[in-house]
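What follows is a set of notes on a single structure, which appears directly below.
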There are 2 protein chains.
Amino acid sequence: MKLSAGVEWAVHCCVVLSQAARPVPAARLADLHGVSRSYLAKHLQALAKAEIVRPVEGRDGGYVLTRPAAEISVHDVVRAVDGPEPAFRCTEIRQQGELAAPPEQCRTPCGVARVMADAERAWRRSLAGTSIADLAAGFDTSRITELVGDVPGGAAAG
Amino acid sequence: MKLSAGVEWAVHCCVVLSQAARPVPAARLADLHGVSRSYLAKHLQALAKAEIVRPVEGRDGGYVLTRPAAEISVHDVVRAVDGPEPAFRCTEIRQQGELAAPPEQCRTPCGVARVMADAERAWRRSLAGTSIADLAAGFDTSRITELVGDVPGGAAAG
DNA sequence: TAATCTGCGACAAATATCATCTGAGTTGGA
DNA sequence: TCCAACTCAGATGATATTTGTCGCAGATTA
């Protein structure tokens, strides 16, 4: 099991955006973190499609959060970048080969798939328990505001 | 995030082995499930390396479980096939780019990595809560014993 | 009008997964 | 003792996915 590297970038970008007063261009976000400009742009588009960030077009444009950081969970970001598909996909091998089970026994999900789905739910629930604002509280936000501008109405971690 | 398809095969194979009285060859396990012979062999080797199954060499050989099915968790199998590496690997981008944090602030793990690790622990704990014996109780074991031989000392599920 | 930013698609490289084949070692029987 | 059949094990190649790049078109503001 492997998580896309873009997930880490996206989460950090959201933390930065939570401290920014004005739109931050994608290229600037990449430079702030020292990662590939063109590739980060792709992940930001994924965040935009999930309505976590909103693009501001034109001069002095960039990306802004669509809602307060406290209302964006880490799970939201992971799901947006990594995709909504479950990690485990049951191929129903119980219906193949010599010991294929009769269809009447396959009305309910395969036991293996059930266990995997339960575990994944636990994973997602854990991720959903932390917000971008929670994360921002653990970073040196003064350094961020110094570079991208202060927040208009107070700190994010309330 | 994606889980190797071999995980599903391995779990099903363990369920079959839990019902087998004698060693079951890798090729037979593949035929029973209708999957690739040579590829399943590779995953069985991973299970052997993790000491979940043991190869019996020579004529009439095959694979057997190393311990009772009740003492083999789904997590043991997943870890053996999928590898022990965590899904999320922190690349420490907080130390790169313009807003790189000073090393003195990086003694503790990055907040992002911490959240990811917590979620993964929840995932593993959930998988560890179900054993191969639990899974076998949900399958039609009579069909299995019919093909690979009965268990010597009673059923696997308590 | 000019400058700057995002959106989207095509394209190339790197990596992981999937699949197969051939060889080495062991067992059972003659 | 010898032979033959059967097994696992590791090396090797094909395929799919991810990762990363580039360029052009559309939009907005100074």
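Naming: A, B, ... by sequence-line order, numbering from 1 per chain. Remember, it's a predicted structure, so these values are computed and weren't measured experimentally.
- Here the range on DNA chain C touched by chain B, meaning any atom under 4.0 Å from one of its heavy atoms, is C/dT17 to C/dG28.
- Using a 4.0 Å cut-off between charged nitrogen and carboxylate oxygen, A/Arg28 and B/Glu98 count as a salt-bridge pair.
- For the pair B/Arg22 and B/Asp60, the salt-bridge criterion is not met [side-chain N within less than 4.0 Å of a carboxylate O].
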Taking protein heavy atoms under 4.0 Å as touching, what does nucleotides 18-30 of chain D look like 5' to 3' if B marks base contact, S marks sugar-phosphate-only contact and - marks none? -BBB-----SBBS
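- The residue B/Ala41 sits apart from the nucleic acid: no heavy atom pair falls under 4.0 Å.
- Residues passing the side chain to side chain donor-acceptor pair (under 3.5 Å) test with B/Ser142 are B/Asp140, sequence neighbours excluded.
- With respect to B/Lys49 and B/Glu51, no salt bridge is recorded, no charged nitrogen being found less than 4.0 Å from a carboxylate O.
- For the pair A/Arg121 and A/Asp118, the salt-bridge criterion is met [side-chain N within less than 4.0 Å of a carboxylate O].
- Contact annotation: B/Gln45 side-chain N/O to D/dG10 OP1/OP2 distance is under 4.0 Å.
- Looking at B/Arg89 and B/Glu85, no side-chain N of the basic residue comes within less than 4.0 Å of a carboxylate O on the acidic one, giving no salt bridge.
- Here the side chain of A/Thr141 pairs no donor or acceptor atom with the backbone of A/Ile144 at under 3.5 angstrom.
- Going from atom CG of B/Leu44 over to atom C1' of D/dC8 covers 10 Å, rounded to whole Å.
- Taking atom NZ of B/Lys49 as the reference point, atom P of D/dC8 lies 15 Å away to the nearest angstrom.
- Of the charged side-chain nitrogens involved, none lies within less than 4.0 Å of a carboxylate oxygen, so that B/Asp82 and B/Lys2 do not count as a salt-bridged pair.
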